Number of protein chains: 2
Amino acid sequence: MLDNTDMGILHELSKNSRITMKELGEKVHLTGQAAASRVAKLEDNGVIEGYSIKVNQVKLGCFIHAFITIITQSTYHQPYLSFVKTQEQYIINNYKISGDGCYLLECKFPSNELLNQFLEDLNEHVNYKLSIVINK
Amino acid sequence: MLDNTDMGILHELSKNSRITMKELGEKVHLTGQAAASRVAKLEDNGVIEGYSIKVNQVKLGCFIHAFITIITQSTYHQPYLSFVKTQEQYIINNYKISGDGCYLLECKFPSNELLNQFLEDLNEHVNYKLSIVINK
DNA sequence: GTATTTGACTTGATAAATGAAAGGATTTGA
DNA sequence: TCAAATCCTTTCATTTATCAAGTCAAATAC
């Protein structure tokens with residue numbers, strides 16, 4: 001389904017998705033037009049889901065990057081899920097997981113105060129274990 | 001430092017980083033040239049770290065998305081870190097964390113067999129707790 | 001209070017990329 | 001063997017990006 005050229009295209013676009021089709025073509029030994037049509041095909045069949053940017057959260061004022069393992073006593077998760085929806089500014093991802101916990105919440109916070117407030121609010125619905133990212 | 005227009009630019013580029021500067025300008029009520037110069041400034045001061053794509057890992061044959069909490073008995077982490085470097089094809093992120101464990105490893109695997117092999121190899125250096133992502 | 005500087009934007013000209021259409025290899029299947 | 005399909009290249013018209021002035025307003029200095 002995908003050949004080495006396609007993998008090369010995905011690799012190059014992962015490094016820099018704003019590259020021109022002409023440059024991309026040069027990297028994988030195609031003309032710009034051929035590269036563009038390959039990329040269009042990768043979009044059509046859903047391999048490429050979208051184009052995004054990497055934002056430096058620290059420079060945006062979010063110093064704290066945390067993973068929070070969610071443990072629910074209740075089998076009724078809706079209160080937790082509703083709460084998460086109200087906290088979108090802090091949430092990067094909410095994974096439903098198997099293993100140690102029901103959900104793994106990836107979050108960012110601009111201060112310990114706001115993290116503390118978030119945890120207090122969170123604790124009204126579920127228990128949790130907190131892990132702070134020190135380095136990547 | 002960053003005004004609402006800059007936030008709008010970051011928002012639009014997060015949704016689609018391949019938008020033309022002309023279109024981006026229209027969305028935030030600027031000319032293409034003004035938008036391009038704002039974006040250049042955001043790149044220069046490090047707010048925008050890069051441009052990337054979202055790849056559908058399932059379509060690439062990686063069905064299993066896992067978080068592995070790493071617990072080391074030894075204070076000497078180098079064997080683990082060296083091992084991780086040899087397994088780049090499976091590793092999405094390796095976070096050093098505080099809390100329950102020393103590292104949080106985000107991985108993808110094309111099969112249970114390869115996950116199993118990975119865990120066996122991993123277990124030669126450290127202990128771990130495995131969480132499989134069911135949903136996002 | 002006026003002049004100067006600075007920053008952010010617009011305009012306009014030029015260079016570059018994109019998109020569409022046509023055509024040429026190569027492969028596939030009847 | 002022939003026809004169809006796939007993938008690529010070439011060409012050209014159109015769109016976009018880039019660079020250099022030029023405008024405007026606010027801040028700063030004299």
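Here is how names work: the chains are called A, B, and so on, in the same order as the sequence lines, proteins then strands, and each is numbered from 1. Just so it is clear, the structure is predicted and the values come from calculations on it, not from any experiment.
A search for side-chain hydrogen bond (donor to acceptor under 3.5 Å, both in side chains) contacts involving A/Ser52 returns nothing, not counting sequence neighbours. A/Leu60 is linked by a side chain to side chain contact (heavy atoms under 4.5 Å, CB included) to A/Val55, A/Gln57, B/Leu2, B/Met7, B/Leu10, B/Val47, counting only residues two or more places apart in sequence or in another chain. Looking at residues two or more places apart in sequence or on another chain, you find no side-chain hydrogen bond (donor to acceptor under 3.5 Å, both in side chains) involving A/His11. Every residue two or more places apart in sequence or in another chain that forms a side-chain hydrogen bond (donor to acceptor under 3.5 Å, both in side chains) with A/Gln73 is listed here: A/Asn127. Partners of B/Ala34 by side chain to side chain contact (heavy atoms under 4.5 Å, CB included), not counting sequence neighbours, listed by chain and number: B/Leu30, B/Thr31. Scored by the side chain to side chain contact (heavy atoms under 4.5 Å, CB included) test, B/Phe83 finds B/Thr86, B/Gln87, B/Phe118, B/Asp121, B/Leu122, B/His125 as partners (sequence neighbours excluded). Looking at residues two or more places apart in sequence or on another chain, you find no salt bridge (Lys or Arg N to Asp or Glu O under 4.0 Å) involving B/Lys41. Scored by the side chain to side chain contact (heavy atoms under 4.5 Å, CB included) test, B/Lys136 finds A/Asn93, A/Tyr95 as partners (sequence neighbours excluded). Under the salt bridge (Lys or Arg N to Asp or Glu O under 4.0 Å) criterion, B/Asp3 pairs with B/Arg38, not counting sequence neighbours.
Against DNA chain C, the stretch residues 41-55 of chain A makes no heavy-atom approach under 4.0 Å.
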Distances under 3.5 Å between protein N/O atoms and the N/O atoms of nucleotides 14-18 of chain D, please, pair by pair.
| residue | atom | partner | partner atom | Å |
| --- | --- | --- | --- | --- |
| D/dT16 | OP2 | B/Lys22 | NZ | 3.0 |
| D/dA17 | OP1 | B/Met21 | N | 2.9 |
| D/dA17 | OP2 | B/Met21 | N | 3.4 |
| D/dA17 | OP2 | B/Lys22 | N | 3.2 |
| D/dT18 | O4 | B/Gln33 | NE2 | 3.2 |

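Panel note: side chain A/Arg18, backbone B/Ile19; a donor-acceptor pair is recorded below 3.5 Å.
Close approach of DNA chain C to chain A, defined as any atom under 4.0 Å from a non-hydrogen atom of the protein, starts and stops at C/dA17 to C/dA20.
To the nearest angstrom, P of D/dC7 lies 12 Å from CE of A/Met1.
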